[in-house]
Structure formats: structure tokens, C-alpha cells
Amino acid sequence: MSIALSEQEILRRESLQQLRDLGINPYPAEAFDVTAFAQDIKDNFESNPDTYKHVVLAGRIMSRRIMGSASFAELQDSTGRVQIYLKRDDICPGEDKTLYNTVFKKLLDLGDYVGVKGYVFLTQTGEISVHVQEMSILSKSLKPLPVVRRDDEGNIHDAFTDPEMRYRQRYVDLTVNPEFKQIFINRSKVISSMRDYFNTEGWMEVETPILQPVHGGAAARPFTTHHNTLDMQLYLRIANELYLKRLIVAGFDGVYEFGKMFRNEGMDRTHNPEFTSVEIYVAYKDYIWMMAMVEACLEHVTRAVHGIPVVQVGENEINFEGPYEKLSMYDSILKYTGIDVSAMDETALRKTCTDLAIEIDNTMGKGKLIDEIFSAKVEANLIQPTYITDYPIEMTPLAKKHRSKEGLVERFELFVNGKEIANAYSELNDPIDQRQRLEEQLVLAGRGDEEAMAMDDDFLRALEYGMPPTSGLGIGIDRLVMLMTNQHTIQEVLFFPQMRPERKAKVVTADDFIKIGVPAEWVPVLNKMGFNTIEELKAANPNKVFNDLGGMRKKLKLDITMPAKEIVMAWFE
RNA sequence: GAUUCCGUAGCUCAGCUGGUAGAGCAUAACACUUUUAAUGUUGGGGUCCUGGGUUCGAAUCCCAGCGGGAUCACCA
């Protein structure tokens, strides 16, 4: 709790107490069953007025226009806002006008939850409104929300836009900027439609460990933690690939998992330390099959979100209907740079990078150098969904060697709008080859590559028992959602993006002040005067503090007893 | 991590070459029975992010720190 309450917060707490004094519970326990929603009323009242003669709805009061004994307010529920009309003598049919004159006009604040019963009608200006016959308080709001106003043209005034506050206090953001809720509704549709697609195909949703003794399956720095009972180091997973493959070894034909991954790396517009991915593995398939599956799946997802297979992303209209363009890694570099890197050795690649003004360092192997060229020169050109296929073996230790092309693996990545969205292999199931490839990763690690993949002996043991030919796919859900919702920062598609901790207010409990003899009712006054710790108080001049207490008492019109001077002096001993 | 911009009332923002801190909304009081960015009148509300420095005097200038944004780097 913050130390000094703002004027408005103090007033709201006083209103809360006055409600209680009137015998009104500001936080009632009873259920309040609604029968109507704002959006439905606005959409359907005019075509079907008879069904809105008795409505019950609930939500926050978001604006009020009080005109004597009648008032308009806007009620916001989960679907939107609808205007409500309150007339004193309607909600207070008897002599007692307290509910209107005191409760509604004085003690309610913007942001309070109320429940209303009444009927829908059209005002003289033609706005669909609810004529309230009964009103009850469902929850009192003690902190004022930012007020965002909209005029007739829909222009927003005093918008609540500070990204820091929007991300730290997402509950405020989505309350006053409800249009952002659609991003998260669409996020949910992306995941649920994809899950539907997988389930319809007969593949099984599974869960695998997040706490892993070996961080395998991807190349990234992990978060490290410690288990006390086992007294062992554990990692938050950077990928779940190796566990899902163990389940293919176990005899499932298709398994998939939606889940959080954790990578201890930089944060920016497209990276959050924890992010969501889906991985799916299907036995007896290869990466050619997987391409067709991805096309069907993403078209299904796009239709689920937008109703059509096309989505507008910035300037670009992106069509998720398959089939997508396919380019091999080498051909894509040839296409966009005119350089054929397919036969180059490491030395030649280094020279090519230098010629193209691409920064490199000594830890980079052949695969990484090619990837640098690709990232710098090709990626941004891949706007419509495009498969980049057949990667150099050095950068892909978990994929099967290409069936016909030497030095390559059966892998594709799907690029959309210049960004990687999906990654898939014909999975490596030759245990001896797999062991060698992981050993090569250890060499890279020895050269200083912090992200080289770790050895996982249990995974190799599983492969030795035999894994059927399998194709696997990973999709970054956050980036897919960014595409589907036309957002260009990952923070906009995460409810609670990672932030640095807020600066802590210097917190001191009232007890500390009470212990040195300060009467409880004077503690907030001292806080208001800037004394938030005992040390700060004791550093002050006792006579000045005593005088200022009197001044504050007068200024704040406090109805509390002034402590005697000796008592104040005693605080300083 | 680098560069750069920003941090002032509950919110959105002004605040010039340093001289008693401002507006709109919100809030409080009064008026008002179909308003709608309601209106009219009158009030209250501030750790100018934090800590140093320069100065007679700092929201303003300088330094450091904290937090955020953008760009870049990193991130297959």
C-alpha cells in the first residue's frame, strides 16, 4: 500500500465508509445474475424491442452526467458500454430518496461496479439506453481510473497511452482501452483453433517438464534454478523438443504441446524472456508432408480469427492459403544477393560476409556464417508465407541428413512478413549420427558459443531403443499472434510482458511510528508531511514538527486531537 | 549492452534565456427531468522520478542513479 493517498483516494475511502454507515455493503457476497449485455442490447434492441423489457446487467460506471433529479451514465460490461438513465423517483419510489440523492450522486465514483434492472428504450436523441428501475452496488473502486473520453466521431481524448503503465497495470489498460481486449481474444482464437485442428487429426496434447536437468532442444542461454530436496541445479526449459520425441519413442503417433519456454537473453520488440510455443511431432511423416500440414493449419487458424485466409499486417496483405513458395536456403541467398554460397568453405564464407559488410566473429562456424548472410540479405524480403528449406548441417543438430543433397538437412523454416514463424524437420532418428552431431555442438561450445546445444544422454538412450521416422514442427505463438493481430511489439500480445521491478516506495508500517508514541491517527499526517521513516522524523526539528502538525491539522480540516507538546517531544528521544 | 528521447496533479500534457508550479478532463460544492467530449458558477489537489552539484535562487543548467520508449547490437 502506498503511503500517502491522493485526495481522490481519501474521498473514495470516505464514501466507502458512508455506504457502510447507510447499511449498504460495498462488497456484497451474493451472486448477481445478469440477463443482458451492452453489445447485445445495442445490436438487437431496435430489431427486437420486446425482448428487452426486463433486463439485468452489471458493470462499471465509466461516465456520469447528472442533471438534478435525472442522470445518465455509461455502464461498461465485458462486451462494451451502454448508456443507462436514472430518474430519482423511479429508483426511489417512496419518500426516501437516499439511493439517488446520496448513494448515486455522492457516494458512487467512476469505476464502481453496479448492477441495474430496468428496460431498454430510445432517448430523445435516439440513443439506446437502459431505464433503470433498481440499482445496487456490486463493488466499490478505491483508485480512480484514467478517464478516456470519446466524442461523436469516435475521436479519443486524453488517451491512456503510457506503455509503462499499460503493461504494468494491464487491468487498467484493458478497462479504459477495451479495444485492446480484441488482441487477446484473437490470441485465444489462434491457440484454440490450432488445438482444434490438431485434435481433429487425432494428435494428442501432452505436457512435458518445464524444470529440466539438461536444457536441450534448442540453442539459447537458460534460466537456472535449484531444487532443494534433490540439491540439484535445474533449468527452465528453452525447448521441449527432446521430451516430445521421447514420447514418439514411447509409441504415440502424434503429440503436441502448447507451453511457455524460457530464454535468458535480450528483450526487445520480438523477444520476451518467457514466450509461448507449440511443438508437434507426427510419426511416419517427413518435412515435405509437414509443409502441407502447416499450410492447412495456418489457413484454418486465419479463418478462425478473421473469417478469411487473408490478414492485413501493416502495409502488407498476407494470404495464408497454400501452397506457399519454397526456396532452398542456398537458392534464396542466390536470389537476393546473386552469390552462390553452396560450394563455399568456411574461409570463402568469411570473405563473403566481409564483402557484404556483415559482422562476424571467430566463434561462428560454417552454418552460422550462412545464417548471418541469410538474416542480413534475405529475411526481410520474405513477405508472403515462404518456406526456406534444406539448411546446412552445421546449424541444425537435430534434423535428419538430406535424402539426396550432401551437407544439408531436411529442414524448413516458414517466413512471413520478413519474420520466422515456424521451424520443422524430418527428425533425426539415427542415434549414432545424433550423438556425433551433439558432440560437434560441444566443440562449438568449446569455441565460446554460449548457445551451443548440450549433450543429453537420456535422449540418446531413447533414440537407441528406436524412434520411428518422424516430422516435427515448432511455431512461435507470440509472433504468430503478432501477425494475426497486426501488432509489431510482443508486449502488445502478452497480457503481462516482463518489466523491470517497480521502484519500491519507502514502506514503513504505521506500527513503527506508534511504537515511539505517535497516535495512530497522526501517522498518515506525518507521512503526508514527508516523514516516511522514523529516521526521517528524528532528523527533523522537534519544534517545527510540532508546529507543522498544527498547520496540517488545520489545512486538512482534521477532526482529531492535537497531541500535547511533551508527547511530540518524546517522539524524538 | 550502445545510442537517443522522455519522467511535472488521479489521467493527458504545457511550463521560453533559471525568479512564488499551469491547462483540460477527473475530483469537491451549488444549479439543472432525455443528456452524451452535457452545461454554468465556485473551490481543492503537486516528493516537478531519486540523489548530488552550480547559483542569492533550479521543474528548468551540469553529473550520477532509477524507470520507460525508440533505434541498433544480441537472439538459428
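B/U17 and B/G69 have their P atoms separated by 29 Å, given to the nearest Å. Between B/C16 and B/G53, the two C1' atoms lie 24 Å apart (nearest whole Å). For the P atoms, the distance from B/G7 to B/G15 is 10 Å, rounded to whole Å. Taking atom P on both B/A23 and B/U42, the two are 13 Å apart, rounded to the nearest angstrom. As rounded to the nearest Å, B/C13 and B/A26 have C1' atoms that lie 14 Å from one another. Across B/U47 and B/A21, the matching P atoms stand 13 Å from one another, rounded to whole Å. Rounded to whole Å, the separation between the C1' atoms of B/A14 and B/G22 comes to 7 Å.
Put simply, CD on A/Glu440 is 16 Å from C1' on B/A76, counting in whole angstrom units. As a whole-Å value, the separation of A/Asn264 CG from B/G1 P is 12 Å.
Side-chain atoms of A/Glu372 do not come within 3.5 Å of backbone N or O of A/Ile358 as any donor-acceptor pair.
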Using a cutoff of under 3.5 Å, can you pull out all pairs of nitrogen or oxygen atoms linking the protein to nucleotides 71-73 of chain B, with atom names and distances?
unit_1 : atom_1 : unit_2   : atom_2 : d
B/U71  : OP1    : A/Arg269 : NH1    : 3.2
B/U71  : OP2    : A/Arg269 : NH1    : 2.9

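Among residues two or more places apart in sequence or in another chain, the salt bridge (charged side-chain N to carboxylate O under 4.0 Å, His left out) test is passed with A/Asp77 by none. For the side chain to side chain donor-acceptor pair (under 3.5 Å) test, residues two or more places apart in sequence or in another chain that qualify with A/Gln83 are A/Arg65, A/Ser129. Here A/Asp345 pairs with A/Thr347, A/Ala348 under the side chain to side chain contact (heavy atoms under 4.5 Å, CB included) rule; sequence neighbours left out.
Taking for each of A/Gln498 and A/Thr123 the nucleotide of RNA chain B with the nearest heavy atom, the 5'-most of the two is the partner of A/Thr123. Nearest-nucleotide positions on RNA chain B place A/Met499 closer to the 5' end than the other of A/Met499 and A/Gly217.
Remark: A/Glu492 engages A/Arg166 in a salt bridge, criterion side-chain N to carboxylate O under 4.0 Å.
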Q | Protein proximity profile, nucleotides 27-33 of chain B - base contact B, sugar-phosphate-only contact S, no contact -, cut-off 4.0 Å on heavy atoms | A | SSSS-BB
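When heavy atoms are screened at a 4.0 angstrom cut-off, A/Glu413 is found touching the sugar-phosphate backbone but no base atom.
Residue pairs meeting the salt bridge (charged side-chain N to carboxylate O under 4.0 Å, His left out) criterion with at least one member in residues 92-107 of chain A, sequence neighbours excluded: A/Asp89-A/Lys97.
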